[in-house]
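Report on the structure given below.
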Amino acid sequence: MAEVRNNWTKEEISEIYHRPLLDLIYEAATVHRENEDYAEVQISSLLSIKTGGCPEDCAYCPQAARFHTDVEVQALMSVEQVTNAAQKAKDGGASRLCMGAAWREVRDNRDFDRVIEMVKAVNSLDMEVCCTLGMLSENQAQRLADAGLYAYNHNLDTSEEDYKRIISTRTYDDRLKTIENARKAKLTVCSGGIIGLGETVEDRVSMLKVLSNMPKHPESVPINALVPVKGTPLADQPRVPIWDMVRMIATARIIMPKTVVRLSAGRTEMSLTDQAFCFMAGANSIFAGDKLLTTPNPAFNEDMQMFELLGLKPREAFKSGRPQVKQEDSVLA
Ligand code: SAM
Ligand code: DTB
Ligand code: SF4
């Protein structure tokens, strides 16, 4: 049984990443098959609850106000809109809804109160609820946890060394602090990154080291391939080779054997064969539904046909246990 370690060195991770490709895939598949539910794939649906107009300068992001992209700014959705979208995602087979807001950070205001109501409403549909709202204090994380939030997504995106090239409006430490705050509130953590930003392989290894050396590995690690968007500084980045994606997924699988590794953004550019290699290399989650936050994603029925063909099964919600909802906060109370 692969041991869960938190002391991986860059040399070890780099050695794994650079193994001959088929050896690497074989090893990752072997580690993955030690998990009894290896044929199950967790399906998350994304919903952009507040779109565009973000004050941050993340070079990849179509939602940053300072870049001129085709994204239309949309104010925070109503709880009813979110509940309807969540029900639709559930009917389509998603067990988790991830609500994203184009915010730098959470503020203690009425918008946050509304997000708390959204979390309660989606939780009462018996779906795992995830949020990605930017930076978060410990107290805010606790409020989300009390409302029944299952996971908090906060990506590292790249290495600490490379971070300043991509984002100048916050630091890597800010990112780590938020992840710590989510942990203190006993939320499960979803944190990963993007490849294809123009980073080096060393940067990728360095980011994987930070993730795999956390005292507790993130329960999910999304690996995104950059979706280049017109108007952003990274619009002309070349497409990331599929084998880089496979190497990232396989390396993450080997060094974090119990973590759910998500084949995230970039699937519209991947063939079925490309994706099959990612699943073989240990990916066991996807974002499904026609849209990511603002960019397209494969159609749900195409994904279901792919599952059928590859012999994969959607994972049911709450397989690893339910969050503790504070009684007075429960909509059922
Ligand atoms: N504003 C919050 C934040 O930055 O934490 C939450 C939403 S933000 C859009 C969530 C994540 O989406 C980013 O951290 C990044 O990893 C990913 N992302 C954004 N634009 C992307 C793109 N063009 N291609 C791939 N991933 C992207
Ligand atoms: C993650 O790692 N990828 C998702 C989710 N977490 C929030 C977002 C991908 C966004 C891709 C660009 C867009 O659709 O705006
Ligand atoms: Fe804003 Fe998040 Fe996009 Fe950065 S990634 S610009 S913080 S929405």
Side-chain angles (χ1 to χ4, degrees), residues 42 44-67 69-74 76 96-107 115 130-136 151-158 162-163 166-172 174-179 181-182 189-199 207 211 218 220-237 239-240 245 248-249 252 260-269 283 285-298:
Q42 186 244 339
S44 243
S45 182
L46 278 167
L47 181 66
S48 185
I49 57 169
K50 186 267 167 184
T51 309
C54 183
E56 299 288 88
D57 70 352
C58 313
Y60 49 75
C61 187
Q63 302 198 65
R66 64 190 77 200
F67 309 142
T69 66
D70 293 338
V71 168
E72 273 177 42
V73 177
Q74 271 169 355
L76 187 66
R96 178 181 289 199
L97 184 78
C98 177
M99 301 191 278
W103 287 337
R104 167 184 167 76
E105 72 224 316
V106 172
R107 304 231 171 108
V115 172
C130 172
C131 278
T132 181
L133 312 169
M135 292 185 270
L136 199 65
Y152 197 74
N153 164 257
H154 205 61
N155 289 339
L156 294 179
D157 289 335
T158 183
D162 193 36
Y163 204 72
I166 302 296
I167 299 149
S168 77
T169 46
R170 57 170 187 256
T171 66
Y172 214 63
D174 291 333
R175 253 7 226 179
L176 294 171
K177 188 81 199 137
T178 290
I179 295 173
N181 288 339
V189 168
C190 171
S191 185
I194 310 179
I195 64 170
L197 303 170
E199 74 287 349
M207 179 183 82
L211 293 169
S220 28
V221 170
I223 307 288
N224 295 276
L226 174 73
V227 180
V229 179
K230 200 169 96 225
T232 63
L234 299 181
D236 297 323
Q237 272 298 116
R239 231 187 96 191
V240 39
M245 199 67 184
M248 271 309 270
I249 290 171
V260 169
V261 179
R262 186 172 307 118
L263 166 58
S264 303
R267 287 197 303 117
T268 50
E269 299 300 317
S285 173
I286 56 167
F287 285 121
D290 301 351
K291 221 169 161 198
L292 291 167
L293 288 172
T294 66
T295 63
N297 198 43

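Every number for a ligand or one of its atoms is a count from 1 in the order of the listing. Nothing here was measured: the structure is a model prediction, and the numbers come from that model.
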Roughly how far, to the nearest 0.5 Å, is [atom2] of [Y] from [atom1] of [X]?
| X | Y | atom1 | atom2 | answer |
| --- | --- | --- | --- | --- |
| Ser264 | Leu46 | OG | CG | 8.5 Å |
| Met248 | Ile223 | CE | CD1 | 4.5 Å |
| Thr295 | Asp290 | OG1 | CG | 12.0 Å |
| Leu292 | Leu47 | CG | CG | 12.0 Å |
| Leu136 | Ile179 | CG | CD1 | 11.0 Å |

Identify, for [atom], the protein heavy atom at the shortest distance, and state residue, atom and that distance.
| atom | answer |
| --- | --- |
| atom 10 (C) of ligand 2 | Leu293 CD1, 4.2 Å |
| atom 7 (S) of ligand 3 | Arg170 NH1, 3.3 Å |
| atom 1 (Fe) of ligand 3 | Cys54 SG, 2.3 Å |
| atom 8 (S) of ligand 3 | Ala102 CA, 3.6 Å |
| atom 15 (O) of ligand 2 | Thr294 OG1, 2.7 Å |
| atom 4 (C) of ligand 2 | Phe287 CE1, 3.6 Å |
| atom 13 (C) of ligand 1 | Tyr60 OH, 3.7 Å |
| atom 3 (N) of ligand 2 | Asn224 OD1, 3.0 Å |
| atom 4 (Fe) of ligand 3 | Cys58 SG, 2.2 Å |

Q) Would one find an N or O of Asn153, backbone or side chain, under 3.5 Å from an N or O of ligand 1? A)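 Not met; the criterion fails.
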
Q | Sub-3.5 Å N/O-N/O distance, Val227 and ligand 1 | A | yes

**Q.** Glu105 and Arg107 ion-paired at < 4.0 Å
**A.** yes

Under 3.5 Å: donor-acceptor pair, side chain of [X], backbone of [Y]:
| X | Y | result |
| --- | --- | --- |
| Arg267 | Phe287 | yes |
| Asp162 | Glu199 | no |
| Lys230 | Thr232 | no |
| Arg175 | Asn155 | yes |

Can you name the atoms of ligand 1, numbered from 1 with element, that are less than 4.0 Å from a heavy atom of [X]?
| X | value |
| --- | --- |
| Ala101 | 1 (N), 2 (C), 6 (C), 7 (C) |
| Trp103 | 1 (N), 2 (C) |
| Gly134 | 2 (C), 5 (O) |
| Leu293 | 9 (C) |
| Arg175 | 3 (C), 4 (O), 5 (O), 14 (O) |

Q: Mind checking whether Thr232 contacts ligand 1 via backbone (N, CA, C, O), side chain (CB onward), both or neither, at a 4.0 Å heavy-atom cut-off?
A: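 Neither part.
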
**Q.** Leu234 contact mode with ligand 1 (heavy-atom cut-off under 4.0 Å)
**A.** neither

Q) Cut-off 3.5 Å, side chains only: do Asp57 and Ser168 have a donor facing an acceptor? A)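 Distance-only check passes for Asp57 and Ser168.
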
Q) Looking only at side chains, do Thr178 and Asn181 share a donor and an acceptor under 3.5 Å apart? A) no

Would you mind running through ligand 2 and noting each atom that sits below 4.0 Å from a heavy atom of [X]?
| X | value |
| --- | --- |
| Pro222 | 2 (O) |
| Leu46 | 4 (C), 5 (C), 7 (C) |
| Thr132 | 7 (C) |

**Q.** Derivation and outcome, side chain to side chain contact (heavy atoms under 4.5 Å, CB included), residues Tyr60 and Ile166
**A.** CA-CA 8 Å; Tyr60 49 75; Ile166 302 296; 3.7 Å; yes

Q) Counting backbone and side chain alike, does Cys61 bring an N/O/S atom below 2.8 Å of atom 4 (Fe) of ligand 3? A) no

Side chain or backbone of [X] under 4.0 Å from ligand 2, or both, or neither, by non-hydrogen atoms?
| X | result |
| --- | --- |
| Cys61 | neither |
| Asn153 | side chain |
| Thr295 | both |

**Q.** Gln63 and Cys58: CA distance, side-chain angles, deciding distance, side chain to side chain contact (heavy atoms under 4.5 Å, CB included) verdict
**A.** CA-CA 9 Å; Gln63 302 198 65; Cys58 313; over 6 Å; no

Q.
Does Glu72 form a side chain to side chain contact (heavy atoms under 4.5 Å, CB included) with Thr51? I'd like the steps, not just the answer.
A. CA-CA 7 Å; Glu72 273 177 42; Thr51 309; over 6 Å; no

Q) Looking at Glu56, which atoms of ligand 3 are within less than 4.0 Å of one of its heavy atoms? A)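 Those atoms are 1 (Fe), 4 (Fe), 6 (S), 7 (S).
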
Q | Ligand-side contact atoms (ligand 3) for residue partner Tyr60, heavy atom cut-off under 4.0 Å | A |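 That gives atoms 5 (S) of ligand 3.
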
Q) Who's closest to atom 17 (C) of ligand 1 heavy-atom-wise, of Ile166, Ile167, Ile194? A) Ile194

Q: Counting heavy atoms only, name the option from Leu292, Thr294, Asn155, Asn224 that's nearest to atom 11 (C) of ligand 1.
A: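 Residue with the shortest heavy-atom distance to the ligand atom: Asn155.
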
(Q) For Arg66, which part has a heavy atom under 4.0 Å from ligand 3: side chain, backbone, both, or neither? (A)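 None of Arg66 does.
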
Q.
If we only consider heavy atoms of Asn155, is any one of them less than 4.0 Å away from an atom in ligand 2?
A. yes

Q. Hey, is Pro62 one of the residues with a heavy atom under 4.0 angstrom from ligand 2?
A.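 Within the 4.0 Å threshold, so yes.
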
Q: I would like to know whether Thr169 and Arg66 meet side chain to side chain contact (heavy atoms under 4.5 Å, CB included); could you show each step before the answer?
A: CA-CA 12 Å; Thr169 46; Arg66 64 190 77 200; 3.8 Å; yes

Q: For atom 8 (S) of ligand 1, decide whether some protein heavy-atom distance is shorter than 4.0 Å.
A: no

